[in-house]
Amino acid sequence: MPELPEVETIRRELQRRLLVQTLRAVEVRVPKMAHPSAAALRRELAGKKILAVKRRAKMLVCELPGQRYLVFHLKMTGQLVFVPRSGRTVSGGHPIPNLGVLPNIFTHVIFRFRSGGTLYFNDQRKFGWVKLVDADGLHELTAHLGMEPLSGAYTWEAFARAAHRYPNRTIKQVLMDAERIAGVGNIYADESCFCARLRPTRRVRTIRENDLRILYRCIPRVLQLALRHKGTTRDTYRRVNGQSGYMAPFLNVYGRKGKPCRRCKTPIVKTVVGQRGTHYCPCCQK
DNA sequence: CGAGACTCCTGCTGGC
DNA sequence: TGCCAGCAGGAGTCTC
Ligand SMILES: [Zn+2]
């Protein structure tokens, strides 16, 4: 689900909520999602403070004392929802606007804090995970990742190098290759291509340098717009307070198959690139 | 090495 | 109207 703007939105909200809060207890309901083990999380997290919440690609990294890191990946349908000290509870849970009562059947790991607050890790499809790692473990999780498109590492030279590395790939595959560019997923790859008026299906070697340069500038623009709107809720993505993001109505192509292009009215078409649904305007994008 | 298919899991829905 | 194959924000692994 969440791509860079959604994960960054969650990071900012978690940072505000969890900073310097102390963990009290951890409940793991789905062991396969917790690493190295449910027992290790229970044992090693109790009493630990959250010193910072950072993001790398689509991972959230909670820094703990002693070079320990609690890392989350939400994959397609993961949610992190924080409920401050519960007032009254309903049938043992916390009623959250738009989400119903937590914990629910999709709640697989629960973090309780000394403050009385609770962080619920929900995931409909159970692809997500949480890992407690040391500095080496964090390095293993992040070392292979490419540049952050909203960071200073993202330069035209680096982008052009990343693109030309695989001239026979489609441009969308380059945008979604986390080893080159971190955090761009299916939605914002399509949206960035629309912004640059390039079909996601175009092979890199056929793209003129100037068009590639336009795409280079489109990616951060698209991501920043989504960030300002707190991300795209298609289905399960939620902010830390349970609210949906506001970006969905502003999408130009993703999920708009058959709907008129906002620019030229031509129906948006859908195809497949790298086993992923791919959307573009056949008139505006060449 | 690179490209593409398959896999993990569950719920929703488009199209018949 | 009802049903179900196919599809869904990600990414690791396997084969060719
Ligand atoms: Zn158009």
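We name chains A, B, ... by the order of the sequence lines, and we start the count at 1 in each one. These numbers were taken from a predicted model, which means no experiment stands behind them.
Rounded to whole angstrom, the span from the CE atom of A:Met76 across to the P atom of B:dT7 amounts to 16 Å. Atoms CZ (A:Arg205) and C1' (B:dG2) sit 14 Å apart, rounded to a whole Å.
Taking A:Glu13 as the reference, A:Arg239 meet the salt bridge (Lys or Arg N to Asp or Glu O under 4.0 Å) condition, with sequence neighbours excluded. Legend: residues meeting disulfide bond (SG atoms under 2.5 Å apart) with A:Cys218, ordered by chain and number and at least two apart, are A:Cys195. Every residue meeting the side-chain hydrogen bond (donor to acceptor under 3.5 Å, both in side chains) condition with A:His279, not counting sequence neighbours, appears here in chain and number order: A:Asp190. Residues satisfying the salt bridge (Lys or Arg N to Asp or Glu O under 4.0 Å) criterion with A:Arg11, sequence neighbours excluded, are A:Glu8. By the salt bridge (Lys or Arg N to Asp or Glu O under 4.0 Å) test, A:Arg169 is found to be paired with A:Asp177, residues two or more places apart in sequence or in another chain being considered. Take A:Tyr246 and apply the ring-ring contact (aromatic ring centres under 6.0 Å, His included) test, not counting sequence neighbours, and it matches no residue.
Here A:Thr170 lies out of heavy-atom contact (under 4.0 Å) with every strand.
When the side-chain nitrogen and oxygen atoms of A:His73 are compared with OP1 and OP2 of C:dG10, none of them lie within a distance under 4.0 Å. The shortest distance between the side-chain N/O atoms of A:Lys75 and the OP1/OP2 oxygens of B:dC8 is not below 4.0 Å. Contact annotation: A:Arg125 does not reach the phosphate of C:dA8 (side-chain N/O to OP1 or OP2, under 4.0 Å).
Note that CZ of A:Phe82 is 6.0 Å distant from CZ of A:Phe113, once rounded to the nearest 0.5 Å.
A heavy atom lying under 4.0 Å from DNA chain C marks the following residues of residues 268-282 of chain A, by number: A:Lys270, A:Arg276, A:Gly277. Residues of residues 190-202 of chain A that place a heavy atom closer than 4.0 Å to DNA chain B do not occur. DNA chain B lies under 4.0 Å from at least one heavy atom of each of the following residues of residues 126-136 of chain A: A:Lys126, A:Phe127.
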Report each atom pair, protein N/O against N/O of nucleotides 11-14 of chain B, whose distance is under 3.5 angstrom.
unit_1	atom_1	unit_2	atom_2	d
B:dG11	O4'	A:Gln124	OE1	3.3

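Taking the P atoms as reference points, B:dG14 lies 15 Å from C:dG9, given to the whole Å.
Within the structure, every pair that satisfies the ring pair (Phe, Tyr, Trp, His ring centres under 6.0 Å) test and touches residues 198-232 of chain A, not counting sequence neighbours, is listed here: A:Tyr154-A:Tyr216, A:Trp156-A:Tyr216, A:Phe159-A:Tyr216, A:His229-A:Phe250.
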- line: Pairs under 3.5 Å (Watson-Crick or G-U), crossing ones as [ ], inter-strand ones as |: DNA chain C comes out as .|||||||.|||||||
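In this structure, A:Phe121 has its ring center at least 6.0 angstrom away from the ring center of A:Phe111.
Closest of all the heavy-atom pairs between A:Ala163 and A:Val174 is CA-CG1, 4.0 Å.
In summary, the side chains of A:Thr236 and A:Gln124 do not present any donor paired with an acceptor at a separation below 3.5 Å, with no hydrogens or angles considered.
Minimum atom distance to the side chain of A:Lys32 is reached by B:dC9, of the listed C:dG10, B:dG2, B:dC9.
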